[in-house]
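Each remark here refers to the structure printed beneath this line.
From a predicted model like this one, the values you see are computed outputs, not experimental measurements. Letters go in sequence order (proteins before strands), and every chain restarts at 1.
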2 protein chains.
Amino acid sequence: MQHIVTSADVAREAGVSRSTVSRCLSGDRRISDATRKRVQETANQLGYQINKIARSMNTRKSDLIGLVTSGLSDPFRVEFLDKLIFAIQQSGYRPLVIDVSDPAQMGTSMMHLLQYQVAGVVVTSGSPPPEVGVHFLKRNVPVVLVNRAGRLDGADVINCDNVRGGELAADLLLGTGKTRFGFLNVKGGTFSGNVRGETFVSRLAPGLANGDISFTPLVCDSADYDGGFNAAVKFLAQPETAPNAIFCAKDHIALGLLDAARFELGLRVPEDIAVVGFDDIAAARQGAYQLTTVRQSATKLAEMTVDRLRQRIRGDNLADQRLILSVEMARRRTV
Amino acid sequence: MQHIVTSADVAREAGVSRSTVSRCLSGDRRISDATRKRVQETANQLGYQINKIARSMNTRKSDLIGLVTSGLSDPFRVEFLDKLIFAIQQSGYRPLVIDVSDPAQMGTSMMHLLQYQVAGVVVTSGSPPPEVGVHFLKRNVPVVLVNRAGRLDGADVINCDNVRGGELAADLLLGTGKTRFGFLNVKGGTFSGNVRGETFVSRLAPGLANGDISFTPLVCDSADYDGGFNAAVKFLAQPETAPNAIFCAKDHIALGLLDAARFELGLRVPEDIAVVGFDDIAAARQGAYQLTTVRQSATKLAEMTVDRLRQRIRGDNLADQRLILSVEMARRRTV
DNA sequence: TTGTATGCGTTATCAA
DNA sequence: TTGATAACGCATACAA
């Protein structure tokens, strides 16, 4: 077991004090060019790596940012995390991922992040119990909730424009002339999904009132491809009466629905059934699907998240914010 | 700004010493039940969270495990990371993700992990320069390379059985009676892809020798859906002479190829063209694709990785190992 | 511009 | 079974 190179080793080798080494490597101005150069050379030569754990002892903050998620099975969330991880690194931070499969453990999981002195936390899944808010507030650790219901005291909330999305979907489907509307969401619903569905329905209100159209709420067991597929096989069993203008709470569900409609029921899209999704995941653009969907930009969402995080870490703008990312309709072949 | 609760606070409140608090909360045996109970109660009451950063100062190890990857755009890698993150947490560790977009920065990125005193590292992308090996060896930090070329001294290597995979693909395609074979891989190739392709070709050797069949190496610009799609549009332009029994280095490429064949060229699968992929990603099972492919289990790969990591962290079995995950053919509708 | 002394919160060592 | 004390590696206030 070899000795690990510390700043003291570099100091001795370069003939300076530990403080000087520290200053050189943290980019402190007040150091002579000669000294800086010499120290940096010795550091490289010895293979010195700063010990961020030790540094955090003083500063009481690490450059870790907690990412609370639950699995990587949801395609849009993966795209978001991808951009988020990139943006976090660009800002000089490092992502510490916490996978919360059991929503009940959300609170304890977030408390674990405190043990690492994280500089901030991004929650992309599950709604943290309000009582954890005070612990984060007390330590000035900013929390950003993304596409989540925001009941957390002291946390910022960033959502895409679910309301506008529901409207866009309704308007587009109304324009098809189809009359049997449906909204497909996971059993129990999610915060985002519920808002999308409610807005969708309220936009249909006039037509529903005068009996021009009908609406059926549709439910699947899981918020993914299989959920959409299995649900569709059932509710499309009698295509003559089944909904034929369907808005899905998210693309992943819509893909399952599409495959069920085409390959299990033999329906033509969009002639027999029109489908609108939400998210615009990569697969929606693929030739096999060409899904018409409400687009939210994972990249912008990630940038907004990191921007907001950095503001709060700097101590700016400390009042809780609620930010909305605009959405747009991506028109393809399923409507 | 409030004061943050430390072990000293708990000690004072409970009327014991810091050492006792430390022992109680780290599950040290030699402490009386009464004291343990009292300390734990005061800790909860005060909302005390252990500072793992400070703990790492002494132990010189954190319970962080570095995950080196490059983006989350590759579906199989995402599935693997999903299982890996889960397995890491199950073992009481935390994943610290490093996204290496530029392969040239691989070395420095891995060195950064050392700054956090990681207990181990998993490399899923890019091949680390051999010289970083010594720094990890010196600190007894285990490195596991997954589905990568292993040129790193002191690192373990875990691969799926690329050789067997290539054979399975060749045998299956030979059975179709088709005669114009192709292997589609990204320009320049990857370690895994190259092995798969080479085995595939060598399995075709007899047929090639007596002129029964032909083989064409096919290349795409990126190892993803778009790469496969764009390449296929070109090389399938004259379907009468183009390869009609194609093995793809990975499923994601195969999906692009399939969509190009069906929707751009109007080909029937598998009548006009047979396709075999590699990985068995979730999308391969979807109705729109039903891709026949060589399956490797992301779950098993993750378990093997964490098992090996834990062995080395414990100090067992210190000789470099090379593990192989078996593969199998998942027969669907594209052959 | 540089060096000295001190403290961050924990665990390990030694003593009681 | 418990407590006092010394590290761990770094940053910073203060002194020079």
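Separating the CD1 atom of B:I53 from the C1' atom of D:dC10 is a distance of 13 Å, rounded to the nearest angstrom. The separation between B:R60 atom CZ and D:dC10 atom C1' is 14 Å, rounded to whole Å. If you measure from atom CE of A:M57 to atom C1' of D:dG9, you get 9 Å, rounded to the nearest angstrom.
Counting heavy atoms of neighbouring residues, nucleotides and ligands inside a 6.0 Å radius, atom CG of A:D153 does not exceed 12 of them. For A:D33, the CG atom sits in a loose shell: 12 or fewer heavy atoms of surrounding residues, nucleotides or ligands are nearer than 6.0 Å. Dense packing is recorded around CZ of A:F76, with more than 12 heavy atoms of other residues, nucleotides or ligands lying under 6.0 Å away. Around OH of A:Y48, the count of heavy atoms belonging to other residues, nucleotides or ligands within 6.0 Å exceeds 12.
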Under 3.5 Å between N/O atoms: give me all the protein pairs with nucleotides 4-7 of chain D, atom names plus distance.
{"from": "D:dA4", "atom 1": "N7", "to": "B:S19", "atom 2": "OG", "distance (Å)": "3.4"}
{"from": "D:dA4", "atom 1": "N6", "to": "B:S19", "atom 2": "OG", "distance (Å)": "2.9"}
{"from": "D:dA6", "atom 1": "N6", "to": "B:R18", "atom 2": "NH2", "distance (Å)": "3.4"}

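Between A:R55 and D:dA11, a side-chain N or O to OP1/OP2 separation shorter than 4.0 Å is present. Not one side-chain nitrogen or oxygen of B:T20 sits closer than 4.0 Å to the OP1 or OP2 atom of D:dT2.
Each salt bridge (Lys or Arg N to Asp or Glu O under 4.0 Å) pair with one or both residues in residues 38-67 of chain A, not counting sequence neighbours, appears once here: A:K52-A:D63. Listed by first then second residue, pairs satisfying salt bridge (Lys or Arg N to Asp or Glu O under 4.0 Å) with a partner in residues 296-311 of chain A read A:D156-A:R308, not counting sequence neighbours.
With contacts defined as side-chain heavy-atom distances shorter than 4.5 Å, the pair B:T124/B:L67 does not qualify.
Between A:S22 and B:A54, the residue whose closest nucleotide on DNA chain D is further toward the 5' end is B:A54.
Looking only at distances, a side-chain donor or acceptor of B:R77 sits under 3.5 Å from a matching main-chain atom of B:S70. Under the 3.5 Å distance criterion, the side-chain polar atoms of A:S91 are left unmatched by any main-chain donor or acceptor of A:Y93. In this structure a side-chain-to-backbone donor-acceptor pair under 3.5 Å is present from A:R312 to A:L318.
Looking at B:D28 and B:R36, no side-chain N of the basic residue comes within less than 4.0 Å of a carboxylate O on the acidic one, giving no salt bridge.
Protein chain A contacts DNA chain C over a range whose 5' and 3' limits, counting nucleotides with an atom under 4.0 angstrom from a non-hydrogen atom, are C:dT1 to C:dG9.
A heavy atom closer than 4.0 Å to some atom of DNA chain D occurs in A:T6, A:S7, these being the qualifying members of residues 6-16 of chain A. Within residues 32-52 of chain B, the residues that have a heavy atom under 4.0 Å from DNA chain D are, in order of number, B:S32, B:T35.
Side chain to side chain, B:Q296 and B:D279 meet the donor-acceptor criterion of an N or O pair below 3.5 Å.
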Go through the steps for A:S19 and A:S22 under the test side-chain hydrogen bond (donor to acceptor under 3.5 Å, both in side chains), then give the verdict.
CA-CA 5 Å; A:S19 4; A:S22 169; over 6 Å; no

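Residue contacts shown for B:R30 include a base, since a base heavy atom lies under 4.0 Å away.
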